[in-house]
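Quick note: residue numbers are just sequence positions, from 1. Remember, predicted model here, so these are calculated numbers, not experimental data.
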Amino acid sequence: MIKVQYLSLTNTTESGAPHTHVHEIIAGLRRRGVLVTLFEPPPNTGLMRKLLGFARTQLRMWRNTGNADLIYVRCHPAAVLTALWAKLTGHLMVYELNGPPTQIFVSYKALSWFRPILEPVLYLPLKLAVRIIAVTPQLGRWIRENMGIDRVSVIVNGANTDLFHPDAAGPPGHCGRYALFFGVLAPWQGIDTLLAAARHPSWPRDVRLVIAGEGALRSQLEALGPGDPVTYLGGVPYSQVPGLLAASLCSLIPKNNVGNRGETGWAPLKLFESLAAACPVVVTDIPLLADIVRENQCGIVIPRADPGALASSVAMLASDPAVAKEMGCRGRKAALAEHSWDRKAEQTLTVLREVLEAQTVQDSGTHCH
């Protein structure tokens with residue numbers, strides 16, 4: 001039996017929901033006989049409480065590692081402490097990377113003043129890990145080319161295909177047709193593009209734009225007038241998202257190219273959740289995000305920051321329900337075949353076994369000499 005200590009210092013998704021990624025992968029590993037112990041901090045508000053939570057969680061894991069075969073760490077700036085500890089104590093560490101480490105300087109611009117000091121620290125876990133799991137092929141290539149590290153495996157994100165499905169019951173009070181955006185209200189999500197598209201002449205008059213989520217741009221949505229064809233729901237429970245998707249005309253993912261995500265790809269959970277719900281998607285032309293849509297013919301790819309193209313895409317789907325349904329069915333088929341969390345857990349277990357087998361071979365060679 002493989003014994004894994006799993007460290008996740010971020011316990012919510014970009015939409016503020018519980019981090020289903022972590023719990024879904026762990027559940028899949030446990031179904032396959034892996035003994036997994038999860039270490040994550042409690043939800044905290046305030047910088048000092050968060051920092052203390054990060055430190056206490058890692059200290060608790062160090063004290064309880066025992067005879068674990070390896071440590072699995074989801075990327076986080078504070079996880080450099082565990083990376084150093086694993087190196088010093090001889091524990092094998094697998095490190096999951098969801099984006100370039102320097103993305104933090106885009107999200108928190110004030111930290112750019114300290115970039116010369118912080119950047120080497122952010123890269124350190126990648127150098128110390130025995131294997132890196134990248135969530136996009138482009139990110140894996142970026143690691144190899146920019147850091148000269150070949151110990152990389154690619155496992156793309158997924159969705160719970162039992163929770164997200166086309167027959168999920170929609171929440172009450174949403175009559176008529178609507179296009180849906182759900183997620184954190186941040187600049188890189190293309191919120192301005194969404195609002196401009198809803199006001200564009202090409203936007204269909206009988207379709208509303210429904211937005212669900214919390215974030216920095218909430219006040220901008222709350223200030224909308226009654227004449228705007230936009231319904232802002234605020235933050236909604238994660239349990240309601242499958243129903244919102246299933247009842248929608250399409251799912252909108254107009255992400256902007258922030259930082260260097262254009263070259264390392266983007267694999268948002270909402271893409272796979274939308275596909276699982278058989279909901280056609282409209283996405284911007286960003287690597288992997290657009291690749292999956294094109295390969296599976298499950299939506300429409302538009303240029304970045306193009307409200308007219310977004311409005312026209314919604315109008316096309318609204319005018320041809322048969323085409324929209326076909327796109328949704330192809331997306332559901334792709335989600336079931338390649339992008340379920342159970343499938344991702346299977347791929348993760350394959351990587352863990354490869355790491356342990358390589359270590360066994362290395363140890364055997366050392367003993368022979």
Side-chain angles (χ1 to χ4, degrees), residues 1-11 19 21-41 54-99 101 120-135 139-140 142-144 146-157 341 344-369:
M1 176 185 293
I2 299 176
K3 298 178 181 179
V4 177
Q5 303 288 75
Y6 196 119
L7 177 67
S8 176
L9 295 178
T10 304
N11 50 20
H19 215 306
H21 175 176
V22 172
H23 296 278
E24 293 280 3
I25 292 293
I26 289 176
L29 291 174
R30 286 172 175 166
R31 283 194 297 271
R32 289 164 172 82
V34 180
L35 181 62
V36 185
T37 305
L38 172 62
F39 295 88
E40 60 180 351
F54 297 155
R56 287 170 178 167
T57 300
Q58 293 181 87
L59 183 59
R60 183 162 51 91
M61 190 193 76
W62 301 348
R63 289 173 174 171
N64 291 277
T65 298
N67 60 346
D69 296 301
L70 54 82
I71 298 167
Y72 190 106
V73 179
R74 292 194 74 250
C75 61
H76 190 282
V80 66
L81 297 175
T82 289
L84 288 168
W85 174 84
K87 182 65 175 179
L88 291 172
T89 57
H91 287 88
L92 303 177
M93 182 186 70
V94 174
Y95 195 74
E96 178 191 315
L97 190 66
N98 296 284
V121 175
L122 295 172
Y123 285 127
L124 190 57
L126 303 181
K127 298 177 180 179
L128 298 179
V130 295
R131 183 72 63 90
I132 301 167
I133 294 180
V135 299
L139 183 58
W142 180 86
I143 295 169
R144 295 183 186 98
N146 289 271
M147 301 196 64
I149 298 175
D150 292 324
R151 309 181 303 277
V152 183
S153 299
V154 176
I155 301 178
V156 178
N157 282 329
W341 281 129
K344 304 307 173 183
E346 181 181 348
Q347 294 171 348
T348 301
L349 179 55
T350 297
V351 171
L352 301 185
R353 284 173 172 162
E354 289 174 356
V355 168
L356 292 174
E357 287 172 4
Q359 185 63 32
T360 299
V361 171
Q362 181 178 327
D363 291 345
S364 299
T366 301
H367 294 155
C368 288
H369 289 84

(request) Verify, without hydrogens or angle tests, whether Arg151 (side chain) and Ala129 (backbone) share a donor-acceptor contact under 3.5 angstrom. (result) yes
(request) Of all the heavy-atom pairs spanning Trp62 and Thr82, show the shortest one and how long it is. (result) NE1-OG1, 3.1 Å
(request) Examine distances only and state if a side-chain atom of Arg30 and a backbone atom of Val36 form a donor-acceptor pair shorter than 3.5 Å. (result) yes
(request) Kindly indicate whether the side chain of Thr65, heavy atoms from C-beta on, has any atom under 4.5 Å from the side chain of Trp85. (result) yes
(request) For residues Gln359 and Asp69, determine if any side-chain heavy atom of one lies less than 4.5 Å from a side-chain heavy atom of the other. (result) no
(message) On a heavy-atom basis, which atom in Pro101 and which in Leu126 lie closest, and how many Å separate them?
(response) CG-CD1, 4.0 Å
(message) Just checking Arg31: does its CZ atom have more than 12 heavy atoms from other residues, nucleotides or ligands closer to it than 6.0 angstrom?
(response) yes
(message) Is there a side-chain contact between Leu356 and Leu92 in this structure, where contact means two heavy atoms from C-beta onward sitting under 4.5 Å apart?
(response) yes
(message) Taking the side chain as everything from C-beta on, heavy atoms only, tell me whether Asn64 gets closer than 4.5 Å to Thr37.
(response) no
(message) When you compare the side chain of Ile25 with that of Lys344, does any pair of heavy atoms fall below 4.5 Å?
(response) yes
(request) Classify the ring geometry between Trp341 and His21 as parallel (under 30°), tilted (30 to 60°) or perpendicular (over 60°). (result) parallel
(message) For a quick test of reading the model, state the closest non-hydrogen atom pair linking Val73 to Ala79 and the distance between them.
(response) CG1-CB, 3.6 Å
(request) Measure across Ala345 and Gly28 and return the closest heavy-atom pair with its distance rounded to 0.1 Å. (result) CB-CA, 3.5 Å
(message) To check you understand the geometry: which heavy-atom pair defines the closest contact between Leu139 and Asn98, and what is its length?
(response) CD2-C, 3.9 Å
(request) Report yes if some heavy atom in the side chain of Tyr72 is under 4.5 Å from a heavy atom in the side chain of Ile133; otherwise report no. (result) yes
